[in-house]
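Residue indices begin at 1 and follow the sequence shown. Fair warning: this is a prediction, and the values are worked out from it, not measured in the lab.
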Amino acid sequence: MASRALILITMAMTMLGTALAASHTVGAPDGSWDLQTNYSQWVSRIRFTTGDELRFQYSAAMHSVVEVSKTGYDSYNGSSPIATFPTGNDVVLLATIGTRYFICGVSRHCDAGMKVEVNIKSKEVRTVKWCRRTGNQRCCQSETALSSAMSTGVDQSTVVRLGLIVVAAGVTLFF
């Protein structure tokens, strides 16, 4: 029985983490992976966290995506790529904390501004506590929430409640 509960709790926490991960289409909402988008401005509006993903959408006949080192990024040089993404609908998982660098692999496109530097932070956990008074009694509750969820437009309390409901339902079924 204890192993079933542990499996259920693990699944609920995995679902919670997945629900709070964000998918960022590079350049959206005003652009995409193209020569017109200002990627410095685009990046400045987003907080990237571990578990998020980048979506590069573009014409594969006109562009590509190359992940490079900081040196390659600064020198507009994709000759020693870390990874190459040529499909036109590429998804890159941001699994670890740190900075990643992407450029267009087509000649002179990087020089023209098709490059993006993404700084990935950890998901910060915080506890939210609220109290309400009913007559002479004061009732307080608290929830643990991932602070990065707010930047993705996800209602944290709803996701946390759903996760807790799944755990409670599973515990009720198994015990």
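The structure places CG of N119 at 11.5 Å from OG1 of T49, a figure rounded to the nearest 0.5 Å.
What you find for C104 and C110 is that their closest heavy atoms are O-CB, 4.1 Å. The two residues I82 and S69 come nearest to each other via the heavy atoms CD1-N, 3.8 Å. Scanning all heavy atoms of the two residues, the minimum distance from G51 to A21 falls at O-CB, 3.2 Å. Closest of all the heavy-atom pairs between S64 and G105 is OG-N, 3.1 Å.
Counting only residues at least two apart or on different chains, the ring-ring contact (aromatic ring centres under 6.0 Å, His included) pairs with a member in residues 74-101 are Y73-Y101. Note on residues 85-103: pairs passing salt bridge (charged side-chain N to carboxylate O under 4.0 Å, His left out), not counting sequence neighbours, are E67-R100.
For L35, the side chain to side chain contact (heavy atoms under 4.5 Å, CB included) partners two or more places apart in sequence, or in a different chain, are H63, H109, A112, M114. Legend: residues meeting side-chain hydrogen bond (donor to acceptor under 3.5 Å, both in side chains) with N77, ordered by chain and number and at least two apart, are S79. Residues that satisfy the side-chain hydrogen bond (donor to acceptor under 3.5 Å, both in side chains) test with T37, not counting sequence neighbours, are D34. Judged as a side chain to side chain contact (heavy atoms under 4.5 Å, CB included), and not counting sequence neighbours, the contacts of V43 are F48, V116. For K121, there are no side-chain hydrogen bond (donor to acceptor under 3.5 Å, both in side chains) partners at least two apart in sequence or on another chain. Every residue meeting the salt bridge (Lys or Arg N to Asp or Glu O under 4.0 Å) condition with D74, not counting sequence neighbours, appears here in chain and number order: K70. Residues that satisfy the side-chain hydrogen bond (donor to acceptor under 3.5 Å, both in side chains) test with S59, not counting sequence neighbours, are absent from this structure. With sequence neighbours excluded, no residue satisfies side chain to side chain contact (heavy atoms under 4.5 Å, CB included) with R108. Here T25 pairs with A28, R55, Q57 under the side chain to side chain contact (heavy atoms under 4.5 Å, CB included) rule; sequence neighbours left out.
Cluster annotation: W33 is not connected to I103 through the hydrophobic network of ILVMFWY side chains, with a link wherever side-chain heavy atoms come within less than 4.5 Å.
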Inset, instruction - Could you walk me through whether L94 and V118 pass side chain to side chain contact (heavy atoms under 4.5 Å, CB included), step by step? - result: CA-CA 9 Å; L94 305 177; V118 178; 4.1 Å; yes
Legend entry - Steps toward side chain to side chain contact (heavy atoms under 4.5 Å, CB included) verdict (I46, W42): CA-CA 7 Å; I46 300 171; W42 177 75; 3.4 Å; yes
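Taking a cutoff of 4.0 Å between a charged side-chain nitrogen and a carboxylate oxygen, K123 and D52 qualify as a salt bridge.
Aromatic pair F102/Y39: ring centres not closer than 6.0 Å.
Residue V91 belongs to no hydrophobic cluster, having no ILVMFWY side-chain heavy atom closer than 4.5 Å to its own.
Just one residue in the list V26, V65, I120 forms a side chain to side chain contact (heavy atoms under 4.5 Å, CB included) with L54, and that residue is V26.
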